[in-house]
Colleague: 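Below you'll find the structure I mean.
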Amino acid sequence: MRRYASLVFLSALAVMAPACGSKKAKLSQEAPPRITTIGINAYLWRAALDTIGFMPLTQVDSNGGVIITDWYVSPQSANERVKVTITVLDTVLRADALKVNVQRQTLGATGWAEANVRAGTVQRLEEAILAKARDLRRASVAPGR
């Protein structure tokens with residue numbers, strides 16, 4: 001019986017011995033751009049929520065990647081309001097994985113009327129979300145930096 005136990009122990013030791021000398025895999029300097037735990041890119045999702053966090057939300061669907069705000073009236077201009085729809089389209093952190101739509105209305109004598117969105121508004125909002133998403137990705141690798 002003692003001989004059998006020694007044989008089992010030595011066999012197990014022989015199987016595990018090669019793993020002891022292996023080098024550890026090097027960690028990547030960047031977090032993976034594809035985070036899919038919620039069906040879409042988590043960095044873009046979090047960045048979109050953080051960017052428009054001051055606005056009231058009417059619909060938030062992480063599986064479909066859709067965020068819709070309610071009408072927001074800025075304290076600086078009470079005669080205009082905006083509504084934002086953000087859609088995260090992919091699991092990869094890329095500019096084309098994000099779609100932003102902004103609606104604007106102005107208050108007139110007959111009530112709220114559709115108005116043109118100022119040039120560059122959608123682009124600046126997309127750039128802010130993408131910049132925040134990149135920062136979140138960098139921070140996930142080195143939180144202490």
Side-chain angles (χ1 to χ4, degrees), residues 5 7-145:
L7 184 61
V8 169
F9 175 73
L10 290 176
S11 297
L13 188 62
V15 170
M16 294 185 327
C20 294
S22 65
K23 294 181 182 179
K24 290 184 179 179
K26 292 183 180 180
L27 295 176
S28 173
Q29 294 299 327
E30 291 186 354
R34 183 182 303 245
I35 301 292
T36 59
T37 57
I38 57 175
I40 54 169
N41 187 278
Y43 300 125
L44 285 173
W45 180 254
R46 183 76 243 163
L49 287 173
D50 288 351
T51 302
I52 61 166
F54 63 94
M55 300 177 82
L57 302 175
T58 59
Q59 181 180 348
V60 179
D61 177 14
S62 62
N63 289 326
V66 178
I67 303 169
I68 301 174
T69 69
D70 200 0
W71 290 104
Y72 172 75
V73 178
S74 172
Q76 289 82 18
S77 59
N79 292 335
E80 89 173 20
R81 64 185 186 175
V82 294
K83 185 175 187 175
V84 178
T85 302
I86 300 172
T87 309
V88 180
L89 303 168
D90 201 350
T91 58
V92 181
L93 177 54
R94 297 187 324 209
D96 63 348
L98 182 69
K99 181 181 178 194
V100 176
N101 183 30
V102 178
Q103 294 175 297
R104 179 175 169 256
Q105 291 182 344
T106 56
L107 184 60
T110 59
W112 293 103
E114 293 296 320
N116 292 331
V117 177
R118 292 185 183 101
T121 300
V122 172
Q123 183 179 0
R124 283 193 303 269
L125 189 54
E126 285 177 349
E127 288 171 357
I129 293 169
L130 288 167
K132 178 73 175 171
R134 285 187 215 106
D135 291 345
L136 289 170
R137 180 178 175 206
R138 279 188 218 107
S140 70
V141 173
R145 287 189 201 180

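Heavy atoms only: backbone and side chains are in, while hydrogens, waters and symmetry mates are out.
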Colleague: Please assess Leu98 against Val88 for the test side-chain contact (heavy atoms from CB on, under 4.5 Å), listing each intermediate value before the final yes or no.
Modeller: CA-CA 5 Å; Leu98 182 69; Val88 180; 4.3 Å; yes
Colleague: Mind jotting down which residue pairs meet the ring pair (Phe, Tyr, Trp, His ring centres under 6.0 Å) criterion with at least one end in residues 56-102? Sequence neighbours excluded, please.
Modeller: Phe54-Tyr72
Colleague: Taking only residues two or more places apart in sequence, or in another chain, which ones meet Arg46 in a salt bridge (charged side-chain N to carboxylate O under 4.0 Å, His left out)?
Modeller: Asp50
Colleague: Between Asp90 and Leu44, is there a side-chain heavy-atom distance shorter than 4.5 Å?
Modeller: no
Colleague: Report yes if some heavy atom in the side chain of Gln59 is under 4.5 Å from a heavy atom in the side chain of Thr85; otherwise report no.
Modeller: no
Colleague: For the pair Arg104 (side chain) and Val82 (backbone), establish whether a donor and an acceptor sit closer than 3.5 Å, ignoring hydrogens and angles.
Modeller: no
Colleague: Should Leu57 and Ile52 count as side-chain neighbours, where that means a heavy-atom distance under 4.5 Å?
Modeller: yes
Colleague: Using modelled atom types only, decide if a donor and an acceptor are shared between the side chain of Thr69 and the backbone of Val84 within a distance under 3.5 Å.
Modeller: yes
Colleague: Residues two or more places apart in sequence or in another chain: which of them pass side-chain contact (heavy atoms from CB on, under 4.5 Å) with Leu89?
Modeller: Thr87, Lys99
Colleague: Mind jotting down which residue pairs meet the ring pair (Phe, Tyr, Trp, His ring centres under 6.0 Å) criterion with at least one end in residues 98-120? Sequence neighbours excluded, please.
Modeller: none
Colleague: Does Ser77 have any side-chain contact (heavy atoms from CB on, under 4.5 Å) partners at least two apart in sequence or in another chain, and if so, which?
Modeller: Ser74, Glu80
Colleague: To the nearest 0.5 angstrom, please state how far the CD1 atom of Ile68 sits from the CG atom of Asp61.
Modeller: 9.0 Å
Colleague: How close do Thr106 and Ala115 get, heavy atom to heavy atom, and via which atoms?
Modeller: CG2-CB, 3.8 Å
Colleague: Can you tell me if CG on Asn116 sees more than 12 non-hydrogen neighbours from other groups inside 6.0 Å?
Modeller: no
Colleague: What side-chain donor-acceptor pairs closer than 3.5 Å can you find for residues 123-136, not counting sequence neighbours?
Modeller:
unit_1 : atom_1 : unit_2 : atom_2 : d
Gln123 : NE2    : Glu127 : OE2    : 3.1
Asp135 : OD1    : Arg138 : NH1    : 2.8

